[in-house]
Amino acid sequence: MIELEGVPELIDPVMVAAFEGWNDAGDAASTAVAHLEREWKGEVFAALDAEDYYDFQVNRPTVFMDGGVRKITWPTTRLSVVRVGGDKPRDLVLVRGIEPSMRWRSFCNELLGFAHELGVELVVIMGALLGDTPHTRPVPVSGVTSDPDLARRMDLEETKYEGPTGIVGVLQEACTHAGVPAVSLWAAVPHYVSQPPNPKATLALLNRLEDLLDLRIPQGELPEDARAWQVGVDQLAAEDSEVAEYVQTLEEARDTAELPEASGEAIAREFERYLRRRDVGPPGGKPRPPASGGPADAEEDGPEG
């Protein structure tokens, strides 16, 4: 039994998780959760025992100086809680760590134990994958689930992915088997510029999370960082004619594939986000249901759930 002391009773809690490693191209997902912790001043209330899940020869501890005293930070997964204010306040349980090296089922069961004790109503797991997507276009973000009812209710894709999986896919299925509604959000990161950070992908994940949970997330410096990132990649691509030609090919393929999306539905989603960020309700006062964001075109089978 997990006993939580010092954690207040939560309001409509949602667990939002991301893990560094295989599921986190460009560190986009883990940076998104770190952004939520920073902007809403999250307080860590629990950490999983690093000895149980990590190989320290793979994920090494780090030494640092604190007031002249040497200390060690061990790689692990930590949980924090933040309260989102507004007309309808709610709490987010943030999970941020590193993909475990071993005992994945126990790892997921421990996180689900926290979710049960805290009364979590929905688990959202964020990830990022490498794909054939141009850096000059909006970042594709897919919302997928293994639950057909949840897919219909929240306008998500029902996952059809088959193949190797990481902790995002394993935790998604663990939630499903435990009867906890779970969604995975996947951002597609250009494979030709995969090194972190990727603030544009991080911002896209946060925008999709906004739509999914119907809340407003402070963006801080992310929009400016995203613009600077794109300008930097533009400059690098311009210096290599082969890369520039390849990017143009990706742009043409993307634009052709998304031609039907340049219509009322896509424009309405962006307009409603614009209004929401200015504390103005959408026309008619009745918001549209969250949209799926379209499938990421990064993998033939789509993102895993």
Side-chain angles (χ1 to χ4, degrees), residues 22-29 31-32 126-145 151 155-166 168-169 183-209 211-212 222-223 225-271 273 290-305:
W22 195 67
N23 299 134
D24 193 23
D27 289 354
T31 303
M126 293 195 285
L129 47 79
L130 298 178
D132 293 328
T133 183
H135 72 279
T136 53
R137 297 294 186 264
V139 176
V141 178
S142 294
V144 297
T145 180
D155 195 15
L156 301 165
E157 300 172 46
E158 189 176 352
T159 181
K160 304 296 183 184
Y161 175 80
E162 294 180 300
T165 189
V168 171
V183 175
S184 296
L185 300 182
W186 288 95
V189 171
H191 66 82
Y192 57 88
V193 56
S194 60
Q195 65 272 24
N198 189 318
K200 187 173 181 178
T202 293
L203 185 59
L205 281 168
L206 292 173
N207 285 339
R208 186 66 182 87
L209 185 67
D211 292 343
L212 184 73
L222 269 177
D225 291 343
R227 284 190 289 270
W229 176 86
Q230 181 163 326
V231 169
V233 180
D234 285 343
Q235 292 172 346
L236 291 173
E239 295 172 1
D240 189 319
S241 59
E242 290 186 4
V243 173
E245 183 178 348
Y246 178 64
V247 171
Q248 184 178 358
T249 300
L250 293 178
E251 289 172 340
E252 292 171 354
R254 173 76 179 274
D255 293 345
T256 300
E258 293 195 345
L259 205 55
E261 282 293 315
S263 60
E265 244 347 275
I267 294 170
R269 285 198 298 269
E270 291 306 311
F271 183 58
R273 181 180 291 122
S292 69
D297 50 13
E299 297 186 0
E300 183 176 341
D301 295 317
E304 59 176 298

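All residue numbers in this chain count up from 1 along the given sequence. What's counted below: heavy atoms across the whole structure, side chains too, no hydrogens, waters or symmetry copies. Quick caveat: nothing in here was measured; it's all calculated off a predicted structure.
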(message) Tell me whether Arg208 contacts the main-chain N or O of Trp186 through its side chain, where contact means a donor paired with an acceptor under 3.5 Å.
(response) no
(message) To the nearest 0.5 Å, what is the distance between CH2 on Trp229 and CG on Leu222?
(response) 13.0 Å
(message) Checking Thr165 now: which residues fulfil side chain to side chain donor-acceptor pair (under 3.5 Å) with it, not counting sequence neighbours?
(response) Glu304
(message) For Glu158, give me all partners under side chain to side chain donor-acceptor pair (under 3.5 Å), at least two apart in sequence or on another chain.
(response) none
(request) With sequence neighbours left out, write down each residue that passes side chain to side chain donor-acceptor pair (under 3.5 Å) with Asp240, or none if nothing qualifies. (result) none
(request) Taking all heavy atoms of Val139 and all of Ala204, pick out the closest pair and write down the distance. (result) CB-CB, 3.6 Å
(message) With a 3.5 Å distance limit and no angle check, can you tell me whether Asp225 reaches the backbone of Pro199 through a side-chain donor-acceptor pair?
(response) no
(request) Locate the shortest heavy-atom distance separating Ala244 from Ala237; write the atom from each residue and the value. (result) CB-O, 3.6 Å
(request) Find the distance between NE2 (His191) and CG (Asp132) and round it off to the nearest 0.5 Å. (result) 4.0 Å
(message) Using every non-hydrogen atom in the two residues, find where Ala201 and Ala187 come nearest and quote the distance to one decimal.
(response) O-CB, 4.3 Å
(request) Can you see which heavy atom on Leu185 is nearest to which on Leu205, and at what distance? (result) O-CD2, 3.8 Å
(message) Atom CD of residue position Glu242 - does it have more than 12 heavy atoms of other residues, nucleotides or ligands inside 6.0 Å?
(response) no
(message) According to side-chain contact (heavy atoms from CB on, under 4.5 Å), who are the partners of Asp27, at least two apart in sequence or on a separate chain?
(response) Asp24, Ser30, Thr31, Pro196
(message) For a quick test of reading the model, state the closest non-hydrogen atom pair linking Pro223 to Leu203 and the distance between them.
(response) CA-CD2, 4.0 Å
(request) Test side-chain contact (heavy atoms from CB on, under 4.5 Å) on Tyr161 and Val144 and set out the steps. (result) CA-CA 10 Å; Tyr161 175 80; Val144 297; over 6 Å; no
(message) Return the CG to OG distance between Asn23 and Ser184, rounded to the nearest 0.5 Å.
(response) 9.0 Å
(request) Only counting residues at least two apart or in another chain, list the ones meeting salt bridge (charged side-chain N to carboxylate O under 4.0 Å, His left out) with Glu251. (result) Arg137
(request) For the pair Thr133 (side chain) and Pro190 (backbone), establish whether a donor and an acceptor sit closer than 3.5 Å, ignoring hydrogens and angles. (result) no
(request) Using the test side chain to side chain donor-acceptor pair (under 3.5 Å), find all partners of Asn198 that sit at least two apart in sequence or belong to another chain. (result) none
(request) Compare every heavy atom of Thr202 with every heavy atom of Ala28, then report the nearest pair and how far apart it is. (result) O-OG1, 3.0 Å
(message) Quick check: do Leu212 and Leu156 have side-chain heavy atoms less than 4.5 Å from each other?
(response) yes
(request) Could you pull out all residues at least two apart from Arg227 that satisfy salt bridge (charged side-chain N to carboxylate O under 4.0 Å, His left out)? (result) Glu224
(message) Between Lys200 (side chain only) and His135 (backbone N and O only), is there a donor and an acceptor less than 3.5 Å apart?
(response) yes
